[in-house]
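Just so we're clear, the structure is a prediction, and the values are computed from it rather than from any experiment.
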Amino acid sequence: MPDREKSRVDLDGVPETLLWNLYQRATEARRPDAVLRDPKAVELVDSLDYPFADRFGTGSLGQWQALRARCFDEEVRRFLAEHPGGQVVALGEGLETQFWRVDDGRVRWLTVDLPETVELRTRLFPDDPPRRRTLAGSALDDEWMPHVDPAEGLLLSAQGLLMYFQPDEVHRLIARCAERFPGATMVFDGVPPWFSRRTLSGQMKTAQGYQAPPMPWAVDAAEKARIRALPNIAELRDLRPPRGRGPLYGAVFPVLNRLRAVRELGVTGLPIMTARFAAST
């Protein structure tokens with residue numbers, strides 16, 4: 001696209017992370033041997049007036065990010081196979097292009113995100129089909145909940161979101177969802193404590209100067225125990241990233257990911273979990 005036709009983007013702080021995630025996925029998707037096919041992400045990067053490489057580097061974490069996205073994709077596809085016509089609510093979706101990767105022609109998709117992100121999404125995706133809706137607001141508020149229809153099954157997704165909240169905010173959100181949507185499932189990820197500490201001290205910075213925002217919520221065995229103890233949590237289950245390309249992602253990491261202690265270190269990938277909510281009695 002010529003520069004004059006590109007959409008200008010001006011984000012900072014937590015909202016800017018959606019551009020990092022998008023760029024990493026698109027970098028991976030451009031490879032002929034990509035572990036994630038994501039033509040929509042490539043299209044978006046090419047349509048934006050933003051210095052991706054100058055800000056984020058070469059996209060060297062593309063496969064790492066793509067495998068995380070695939071882990072979420074597989075959980076969504078599993079849900080849709082069991083609940084045709086069910087609803088997926090994507091909290092803090094940013095510029096994730098998951099809908100186009102997993103759409104089975106029946107899923108009802110609801111995106112909930114901050115107003116500045118919704119403005120950008122609306123500009124880039126001007127023609128939402130009837131099955132895909134977008135609401136402006138915080139995932140921490142209850143205003144989005146009346147727009148959810150769990151009649152045909154419900155999956156809540158929070159990819160790359162909860163780590164930016166305080167621990168008590170995460171607990172309240174999960175507990176509120178479990179209370180409001182009995183029988184539903186929530187899939188989400190976090191960061192390990194060492195990663196959280198580095199963001200809080202400003203040490204997570206690229207060579208180009210991009211600094212990751214603070215991530216105060218961290219996941220370890222003790223935090224998982226706290227989530228399991230929340231009201232109406234029937235089960236909390238770890239997910240493993242799929243096998244990737246090359247000796248590291250294709251051989252070493254899959255073996256190490258069989259060990260829970262290694263998974264929780266966050267070296268082979270961020271902790272990804274599903275919480276199943278207790279059904280109403």
Side-chain angles (χ1 to χ4, degrees), residues 9-19 21-22 72 75-76 79-80 83 85-99 102-103 107-190 213-217 226-227 230-234 273-280:
V9 183
D10 186 16
L11 297 173
D12 57 17
V14 174
E16 191 179 16
T17 63
L18 63 85
L19 296 169
N21 291 332
L22 172 67
F72 276 82
E75 200 63 21
V76 174
F79 164 77
L80 295 178
H83 301 278
Q87 186 174 49
V88 174
V89 177
L91 301 174
E93 191 173 24
L95 289 181
E96 174 57 68
T97 48
Q98 188 178 50
F99 173 84
V102 303
D103 182 24
V107 61
R108 294 171 297 121
W109 200 276
L110 177 63
T111 295
V112 179
D113 219 320
L114 297 174
E116 58 265 42
T117 303
V118 168
E119 186 278 329
L120 179 59
R121 284 185 65 89
T122 302
R123 186 155 34 107
L124 298 175
F125 312 134
D127 302 314
D128 264 1
R131 292 185 294 107
R132 198 180 79 236
R133 300 172 56 212
T134 304
L135 291 177
S138 171
L140 296 175
D141 298 330
D142 286 1
E143 281 76 6
W144 59 271
M145 292 185 177
H147 297 269
V148 175
D149 177 14
E152 301 299 328
L154 174 64
L155 177 69
L156 303 166
S157 177
Q159 182 180 172
L161 172 68
L162 301 186
M163 62 279 290
Y164 299 108
F165 297 154
Q166 296 295 327
D168 61 332
E169 293 176 325
V170 174
H171 298 161
R172 282 200 302 270
L173 174 60
I174 295 175
R176 183 70 176 119
C177 289
E179 176 190 26
R180 186 71 179 261
F181 307 116
T185 297
M186 186 174 188
V187 55
F188 56 95
D189 58 354
M215 302 180 191
W217 182 62
R226 285 188 282 269
I227 294 174
L230 293 173
N232 303 309
I233 301 298
M273 298 144 281
T274 61
R276 182 170 56 84
F277 303 152
S280 57

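- For Trp109, the ring pair (Phe, Tyr, Trp, His ring centres under 6.0 Å) partners at least two apart in sequence or on another chain are Phe99.
- Applying the side chain to side chain contact (heavy atoms under 4.5 Å, CB included) test to Arg133 and every residue at least two apart in sequence or in another chain returns Leu110, Leu135, His147.
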Please set out all donor-acceptor pairs under 3.5 angstrom arising from side-chain atoms of residues 136-144, sequence neighbours excluded.
residue, atom, partner, partner atom, Å
Ser138, OG, Leu140, N, 3.0
Asp142, OD2, Arg176, NE, 2.9
Asp142, OD2, Arg176, NH2, 3.3
Trp144, NE1, Ala139, O, 3.1
Trp144, NE1, Asp141, O, 2.8

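- Closest approach of Gly190 and Met273 over heavy atoms only: N-CE, 4.3 Å.
- Here the closest non-hydrogen pair linking Arg108 and Gly85 is NE-O, 3.0 Å.
- Arg180 is linked by a salt bridge (Lys or Arg N to Asp or Glu O under 4.0 Å) to nothing, counting only residues two or more places apart in sequence or in another chain.
- In this structure, CG on Leu230 lies 11.5 Å from CZ on Arg172, to the nearest 0.5 angstrom.
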| request: Could you give me the CA-CA distance, side-chain angles and deciding distance for Asp103 and Arg132, then say whether salt bridge (charged side-chain N to carboxylate O under 4.0 Å, His left out) is met? | output: CA-CA 10 Å; Asp103 182 24; Arg132 198 180 79 236; over 6 Å; no

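- In this structure, Met186 and Phe181 have side chains that are not in contact, with every pair of non-hydrogen atoms separated by 4.5 Å or more.
- Taking CG of Leu11 as the reference point, atom CG of Leu95 lies at 8.0 Å (rounded to 0.5 Å).
- Rounded to the nearest 0.5 angstrom, Gln159 CD and Leu91 CG are separated by 12.0 Å.
- Between the Asp113 side chain and the Val118 main chain, no donor and acceptor come within less than 3.5 Å of each other.
- Across all their heavy atoms, Ala158 and Asp189 have their closest contact at O-OD1, 3.4 Å.
- To the nearest 0.5 angstrom, Thr117 atom OG1 is 11.5 Å from Glu16 atom CD.
- Taking the side chain as every heavy atom from C-beta outward, Pro213 and Thr17 approach each other to under 4.5 Å.
- Taking the side chain as every heavy atom from C-beta outward, Pro182 and Phe277 never approach each other to under 4.5 Å.
- Applying the salt bridge (Lys or Arg N to Asp or Glu O under 4.0 Å) rule to Glu169 yields no partners; only residues at least two apart in sequence or on another chain are considered.
- With rounding to the nearest 0.5 Å, the separation of CG in Leu155 from OG1 in Thr274 is 9.0 Å.
- With sequence neighbours excluded, the residues satisfying ring pair (Phe, Tyr, Trp, His ring centres under 6.0 Å) with His83 are Phe79.
- Here Glu75 pairs with Arg78, Arg237 under the salt bridge (Lys or Arg N to Asp or Glu O under 4.0 Å) rule; sequence neighbours left out.
- For Asp10, there are no side chain to side chain contact (heavy atoms under 4.5 Å, CB included) partners, not counting sequence neighbours.
- Scored by the salt bridge (Lys or Arg N to Asp or Glu O under 4.0 Å) test, Glu93 finds Arg121 as partners (sequence neighbours excluded).
- In this structure, Val102 and Leu80 approach most closely via the heavy-atom pair O-CD1, 3.8 Å.
- Remark: Phe165 pairs with no residue by the ring pair (Phe, Tyr, Trp, His ring centres under 6.0 Å) rule, at least two apart or across chains.
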Exercise for review: Verify side-chain contact (heavy atoms from CB on, under 4.5 Å) between Ile174 and Phe188, making sure each step is shown before the conclusion.
Suggested key: CA-CA 10 Å; Ile174 295 175; Phe188 56 95; 4.1 Å; yes

What's the verdict on side-chain contact (heavy atoms from CB on, under 4.5 Å) for Val14 and Leu114, showing C-alpha distance, side-chain angles and the deciding distance? CA-CA 10 Å; Val14 174; Leu114 297 174; 5.8 Å; no

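- Take Phe125 and apply the ring pair (Phe, Tyr, Trp, His ring centres under 6.0 Å) test, not counting sequence neighbours, and it matches Trp100.
- A search for side chain to side chain donor-acceptor pair (under 3.5 Å) contacts involving Gln98 returns Asp73, not counting sequence neighbours.
- The CG atom of Leu173 sits 7.5 Å away from atom CG of Leu161, with the distance rounded to the nearest 0.5 Å.
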